[in-house]
Structures are given as C-alpha cells and as structure tokens.
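Data first, discussion second: the structure below is written as structure tokens.
Here is how names work: the chains are called A, B, and so on, in the same order as the sequence lines, proteins then strands, and each is numbered from 1.
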Amino acid sequence: MSIKVYNTLTGKKEVLQPVEEGKIRMYVCGPTVYDLSHIGHARSAVSFDVIYRYLAYRGFDVNYTRNYTDIDDKIIARANKDGTDWREIAERYIKAFDEDMEALGVVLPTHRPRATETMDKIIELIEVLIQKGYAYVTDGDVYYSVRRFADYGKLSGKNIEELESGARVEVDERKKDPLDFALWKASKPGEPWWTSPWGRGRPGWHIECSAMCLKWLGTTIDIHGGGKDLVFPHHENEVAQSEAATGKPFARYWLHNGFVNIEKEKMSKSLGNILNIRDVLRGHTSESVRLFLLSSHYRSPIDYSEDSLREAEAKAERFYRTLDRIEKERPETSKTAVDKGIEEELMAPILEAMDDDFNTAAAIGKVFEEVTRANRLMDRGDEAAGMELRAMLSVFKKTAGFLGVFGKRPQEYFDERKERVALPAEEIERLIEERNEARRNRDYRRADAIRDELKDKGIILEDRPDGTVWTVRG
RNA sequence: GGCGGCGUACCCAAGUGGCUAAGGGAGCAGUCUGCAAAACUGCCAUUCAGCGGUUCGAAUCCGCUCGCCGCCUCCA
C-alpha cells in the first residue's frame with residue numbers, strides 16, 4: 001500500500017516516496033502574526049494536521065515544522081497603529097493562534113520556529129546567494145536576481161516573460177529588474193533591525209521559510225505545504241532561493257489547500273467578511289468545525305455558511321448518538337478483545353480513501369456506512385453482532401486518531417453542546433420533571449406545551465424507555 | 001491578456017475508463033411512540049452543464065460551447 005499525493009510541482013498525483021525511507025520531513029507555512037487567525041488559517045492548519053497525523057499513523061517518522069512569521073511589514077504597521085511595540089503584537093497573536101489551534105484540536109507540530117529566532121541562518125543564506133551571484137546589494141537592501149535562476153516559474157507554471165509584461169509588478173529603482181524580490185530590507189528610522197553584513201535591516205518575507213526549512217529539516221524536504229495562494233510568489237521564491245543556494249532540490253512534494261469562501265464570496269478585508277476562528281467557535285463546537293472542514297477534499301474550495309455548519313453539527317450528532325448507543329446497549333463491547341480480521345476489513349476502505357491524497361470526505365463517508373450498519377445490527381437485536389460492533393468501535397477510535405473528529409466521549413460531546421443553550425440545566429430538568437408528571441396524569445396538552453416551549457429554545461426531548469433525555473439542536 | 005481549476009440529486013459532497021453513481025442534510029411514506037424525538041425500512045440522479053468524438057465500454061479520456069471561480073499584487 002502506498003500513499004498518493006497531488007503535487008503542485010508536477011500537476012499530478014504521485015506515490016509519496018520520501019528522501020529517507022520511513023521518514024517524512026514536512027514544512028508548512030504558518031501565520032504572519034499581526035491579527036487574529038481566520039477560518040482560512042483554520043482550514044490550512046486542520047488539513048495539514050490531518051496529513052501529519054495520518055502519515056504518523058501510517059508509520060512514518062514525521063518531522064513536521066510550521067513557522068510563525070513574527071517580523072513583517074504588517075506587524076510593524078499594526079504596532080504603529082496600536083502604538084505598541086512590534087514584539088508585543090507578535091507575541092499577542094502567536095498566543096492567540098496557539099489558543100485557536102488548541103481549541104480546534106490541532107496537534108503541535110514537531111518544531112515551531114520563529115523567523116526572528118532564525119536570523120543567523122537567514123543571513124548566512126543571503127550571503128551564500130550573494131557569493132554565488134544570485135543576489136546583489138543596493139543601499140543596504142539585498143535583492144534576488146530572478147533571471148539568474150533558470151528554473152524560475154517551475155512551481156507556479158509561470159514564465160518570466162509573461163510576468164515581465166504584467167503591468168502590476170511594482171517598479172522600484174533599486175531593483176535591477178522589476179521581478180527581483182527583497183531578501184533583506186534596510187531598516188528605516190524607528191523600524192526594528194538586526195545587524196547584517198549589509199547594515200541594519202530585516203529579512204524579506206520569503207527567505208525566512210527557506211532558512212527555517214534548511215535549519216530544521218535539511219536540504220531536500222519531502223513535503224512543503226500551505227494555502228493555494230502561496231504558490232506564487234511565496235513558494236516560487238522559496239524554491240528559487242533554496243535551490244540556488246544549495247544546488248539541490250528544495251521540496252519533492254508541494255501540497256496546497258483550497259480556499260474558504262464565506263457565503264460564496266472570497267474572504268477579504270475590503271469586503272469585511274473575515275471570519276475569525278474564535279468567532280466561529282463561539283457559535284459552533286470545534287468538532288463540527290473540523291467535520292465541516294474535512295467533509296470536502298482539502299484541495300477544493302469550500303463555502304462557509306451557517307447551513308453547512310449546521311449540517312456538520314448534525315453529522316457529529318448522528319455519530320455520537322450511535323457511539324453512545326453502542327456503549328450503552330452493548331457494554332460487553334468495551335471488554336472483549338477485537339477481532340483483528342474484522343477490524344482490518346472495516347478499516348481497509350477508510351485507509352484506501354486516506355491513501356488517495358488524504359481523501360477525508362470519502363473516509364468520513366465510510367465511517368457513516370458503519371454507523372448505519374451499527375444501528376441496524378442493534379435494531380435487529382442481533383446477539384451475534386458483538387464482534388462486529390467491537391471492531392467498529394476500534395475502527396472509529398483509530399480513524400479519530402488521524403481525523404481529529406469522532407474521538408470524544410459521547411457525553412463530552414453532548415455536554416459541550418448543552419453548554420451552548422440559553423437555559424440553565426436545572427431549569428430544563430425541572431421542566432422535564434413537570435412534563436413527566438403531566439404525562440403520568442395523561443395531561444398531554446400540558447406535556448406537549450412544555451416540549452414545544454423547550455423546542456423553541458433548541459432543546460429536543462426524547463422519551464426513552466429508561467427516561468427522558470434532552471439534546472441540543474441548531 | 002497569461003496560467004490553473006471547477007460544473008455530480010432540492011442542498012452539501014465522494015467517485016476520474018467496466019461491480020447497483022459513496023456519505024451527510026432536507027423531504028415524503030412506514031415501523032416504533034400517548035403524540036413526538038431518535039433509530040430502522042422504503043422512496044428520492046437510467047444519469048453526472050451542453051454538444052460531438054475516442055473506446056467493446058466514459059461522470060471519468062479528447063475537442064468545442066456555455067456558466068462559475070482562483071492565481072498573475074499582501075493574502076491560508
């Protein structure tokens with residue numbers, strides 16, 4: 001069994017063959033920490049979180065490095081606007097990002113380097129590029145000579161002549177060629193700076209990623225990931241810098257996640273429809289947010305809407321209801337040993353889906369086929385189904401391990417949902433008792449009135465043989 | 001203008017040469033229930049934007065047309 005990934009570099013799905021047998025070196029571009037992270041960052045983080053977890057599940061020794069860009073024009077601008085130090089801005093939003101990631105159940109990467117902690121390597125790399133003639137110094141700035149790198153454009157499929165003719169490339173007199181990009185920027189008065197052979201300044205945006213890759217992962221990495229919008233120019237420039245400096249291939253497989261649109265529109269500052277992760281999590285459980293993100297393939301664009309989040313919530317609800325049911329109706333399943341044969345049989349289609357470029361949508365589909373089957377077996381009171389149900393529980397647990405959904409205790413999930421209801425639990429319990437009293441007296445009008453009243457507040461009552469329980473909807 | 005992608009049921013969404021076109025949501029009917037809810041059962045795409053071609057065989061490959069989107073500028 002081999003894992004196939006779609007490689008932006010070749011435009012094809014390819015068998016994943018790491019440089020070093022059994023090991024994966026993976027770098028993903030992290031956030032520029034100048035503001036709260038939005039749902040798009042969440043998608044990228046969750047997509048690569050699953051990829052990381054799955055590769056580890058498949059037995060690879062994965063070094064997953066995701067950076068923080070903690071020095072950048074936008075950070076400086078934000079600091080000036082807020083009248084505070086740029087370091088404080090970076091610190092604040094790194095903390096916010098980490099909190100958001102934890103809330104989304106994103107596991108910590110192996111390394112989380114910061115650009116500012118990698119300054120030695122950045123400067124060293126720029127020096128090599130100057131020595132090799134790929135970069136030049138002008139008034140304390142250092143620029144990369146795009147035309148010197150013959151392969152420029154191979155990742156994004158662009159060619160230099162077309163880029164050149166594009167009127168949107170900003171003209172800068174200090175550049176020898178409009179396409180050249182900054183490796184190092186001389187600091188203006190009042191701006192943060194580091195000392196370098198070219199004077200005081202700070203790194204350009206692209207060079208930090210090359211430096212961090214080289215420092216934490218080595219010359220040729222296996223997987224480089226990020227959002228689709230980073231293909232050009234960011235990743236193209238990373239390739240140019242790194243390969244010019246080392247003379248070796250930079251990354252074998254380039255993986256890019258698709259965008260999140262909001263109600264069919266692109267998220268943008270000008271439209272004012274930026275959706276922060278924490279705003280989304282105020283209205284929805286992290287379980288449903290992840291499930292929403294993983295219900296489409298990571299490369300496809302997805303559309304965020306309240307409806308699609310509600311659908312995801314319904315999916316989660318269905319899953320945990322069934323899990324809860326298995327555990328309650330068939331408690332023996334938690335004690336017996338798993339039949340490895342059955343387990344493997346149930347696991348195979350899920351692995352097949354994941355092996356095919358991390359097709360989480362298909363994998364989730366397979367999980368729900370088992371959910372339906374589990375309910376069916378229990379409805380039929382099939383005593384011999386214990387081994388099947390036991391294997392299912394095990395399959396759910398394994399799948400949860402790499403998808404990062406379906407892994408909670410059912411009660412934990414239901415409680416999380418109940419916290420989002422306006423009414424205090426005691427009040428709900430009191431109304432349920434009042435309703436049951438009415439039911440005992442066959443006062444069904446009163447009983448139904450209470451049920452309808454709760455329903456208006458998103459609380460659904462279920463009269464089960466062992467008593468009335470309540471759940472949250474919407 | 002250049003490069004790339006997409007168009008599958010009422011909605012979301014897998015499937016990219018050959019078993020009955022996954023799964024979820026919504027809807028309708030039934031079982032269960034005081035009535036519901038949940039669960040289950042049945043129904044819900046002879047058809048994959050349209051047209052033409054390749055093939056024994058295509059939603060899947062090729063061409064054209066229509067529609068939508070992204071990148072080419074900071075952006076996940």
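Atom name P, nucleotides B:C44 and B:C56: the rounded distance is 34 Å, in whole Å. Straight-line distance between the C1' atoms of B:A21 and B:U8: roughly 8 Å, to the nearest whole Å. Rounded to whole Å, the separation between the C1' atoms of B:U55 and B:C40 comes to 44 Å. For the C1' atom pair drawn from B:G4 and B:U47, the interatomic distance equals 29 Å after rounding to whole Å. For the P atoms, the distance linking B:U46 with B:C6 amounts to 24 Å, nearest Å.
Take the nearest nucleotide of RNA chain B for A:D303 and for A:R373: the residue whose nucleotide is more 5' is A:D303. Remark on RNA chain B: of its neighbouring residues A:T322 and A:M267, the 5'-side contact belongs to A:T322, judged by nearest-heavy-atom nucleotide.
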Protein heavy-atom contacts under 4.0 Å, written 5' to 3' over nucleotides 14-23 of chain B as B (base), S (sugar-phosphate only) or - (none), form the string SS------BS
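Note on A:Y444: a base of the nucleic acid sits closer than 4.0 angstrom, heavy atoms only. Note on A:M378: nothing from the nucleic acid sits closer than 4.0 angstrom, heavy atoms only. Residue contacts shown for A:V260 include a base, since a base heavy atom lies under 4.0 Å away. Note on A:G258: a base of the nucleic acid sits closer than 4.0 angstrom, heavy atoms only. Within the nucleic acid shown, A:L461 comes within 4.0 Å of at least one base atom, counting heavy atoms only. Across all strands, A:R376 comes closer than 4.0 Å only to sugar-phosphate atoms, never to a base (heavy-atom distances). A:K74 comes within 4.0 angstrom of sugar-phosphate atoms only, judged by non-hydrogen atoms across all strands, and of no base.
Between A:T285 and the choices A:R420, A:K408, A:E313, A:R290, the side-chain hydrogen bond (donor to acceptor under 3.5 Å, both in side chains) rule is met once, by A:E313.
Remark: A:H38, A:G40, A:H41 in residues 25-41 of chain A come within less than 4.0 Å of RNA chain B through at least one heavy atom. Scanning residues 428-443 of chain A for heavy-atom distances under 4.0 Å to RNA chain B yields A:R435, A:R439. Within residues 389-400 of chain A, no residue is approached by RNA chain B to less than 4.0 Å at the level of any non-hydrogen atom.
A salt bridge does not link A:K158 to A:E236: none of the charged nitrogens lies less than 4.0 Å from a carboxylate oxygen. Using a 4.0 Å cut-off between a side-chain N of Lys or Arg and a carboxylate O of Asp or Glu, A:D177 and A:R148 do not qualify as a salt bridge. A salt bridge is absent between A:R430 and A:E433: the closest approach of a Lys/Arg side-chain nitrogen to an acidic carboxylate oxygen does not fall below 4.0 angstrom. Under 4.0 Å is where a charged nitrogen must lie from a carboxylate oxygen, and between A:E462 and A:R321 at least one such pair does.
Stem list for RNA chain B (at least 3 consecutive Watson-Crick or G-U pairs, distances under 3.5 Å): B:1-7 with B:66-72, B:10-12 with B:23-25, B:27-31 with B:39-43, B:49-53 with B:61-65.
Under 3.5 Å, the side chains of A:E429 and A:W470 contain a donor-acceptor pair of N or O atoms. Side chains of A:N67 and A:T65: no donor on one and acceptor on the other come within 3.5 Å.
Here the C1' atom of nucleotide B:U33 and the CG atom of A:D448 are 12 Å apart, to the nearest Å. Atom NE2 of A:H256 and atom P of B:G5 are 15 Å apart (whole Å). For A:W205 and B:C74, the CH2 to P distance is 7 Å, given to the nearest whole Å. In this structure, CG of A:D73 is placed 17 Å from P of B:U73, rounded to the nearest angstrom. Residue A:F232 contributes atom CZ, which lies 15 Å from atom P of B:C3 at whole-angstrom precision. If you measure from atom CZ of A:F292 to atom C1' of B:A13, you get 12 Å, rounded to the nearest angstrom. When the P atom of B:C75 is taken as reference, atom NE2 of A:H206 falls 7 Å away, rounded to whole Å. As a whole-Å value, the separation of A:I459 CD1 from B:A37 P is 17 Å.
Aromatic ring orientation, A:F319 versus A:F396: perpendicular (interplanar angle above 60°, classes split at 30° and 60°). Using bins of under 30°, 30° to 60° and over 60° for the plane-to-plane angle, the ring pair A:W254/A:H256 lands in the parallel bin.
Applying the side-chain hydrogen bond (donor to acceptor under 3.5 Å, both in side chains) rule to A:S305 yields the partners A:S308; only residues at least two apart in sequence or on another chain are considered. Partners of A:F358 under the ring-ring contact (aromatic ring centres under 6.0 Å, His included) rule, at least two apart in sequence or in another chain, do not exist in this structure. By the ring-ring contact (aromatic ring centres under 6.0 Å, His included) test, A:Y304 pairs with A:F292, sequence neighbours left out. With sequence neighbours excluded, the residues satisfying side-chain contact (heavy atoms from CB on, under 4.5 Å) with A:R278 are A:L36, A:A96, A:E99, A:D100, A:N276. Residues meeting the ring-ring contact (aromatic ring centres under 6.0 Å, His included) test with A:Y93, sequence neighbours left out: none. With sequence neighbours excluded, no residue forms a ring-ring contact (aromatic ring centres under 6.0 Å, His included) with A:Y152.
Across A:E14 and A:Y253, no two heavy atoms sit closer than the pair OE1-CE2, 3.3 Å.
Looking at A:D463, its side chain comes within 3.5 Å of the base of B:C35 through a donor and an acceptor atom. The base of B:C35 lies close enough to the side chain of A:R451 for a donor and an acceptor atom to sit less than 3.5 Å apart.
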Please list, one pair per line, the donor and acceptor atoms closer than 3.5 Å that link side chains of residues 223-233 of chain A to other protein atoms, with sequence neighbours excluded.
residue, atom, partner, partner atom, Å
A:H224, NE2, A:E238, OE1, 3.4
A:K228, NZ, A:R299, O, 2.9

Would you please test A:M26 and A:T110 for side-chain contact (heavy atoms from CB on, under 4.5 Å) and show each step? CA-CA 10 Å; A:M26 165 162 135; A:T110 320; over 6 Å; no
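Of the candidate nucleotides B:C71, B:C35, B:A39, B:A39 has the atom lying nearest to any side-chain atom of A:R325. Listed candidates were B:G34, B:A38, B:C71. Nearest to the side chain of A:K158 is B:C71.
Other residues, nucleotides and ligands contribute only 12 or fewer heavy atoms inside 6.0 Å of the CD atom of A:E102.
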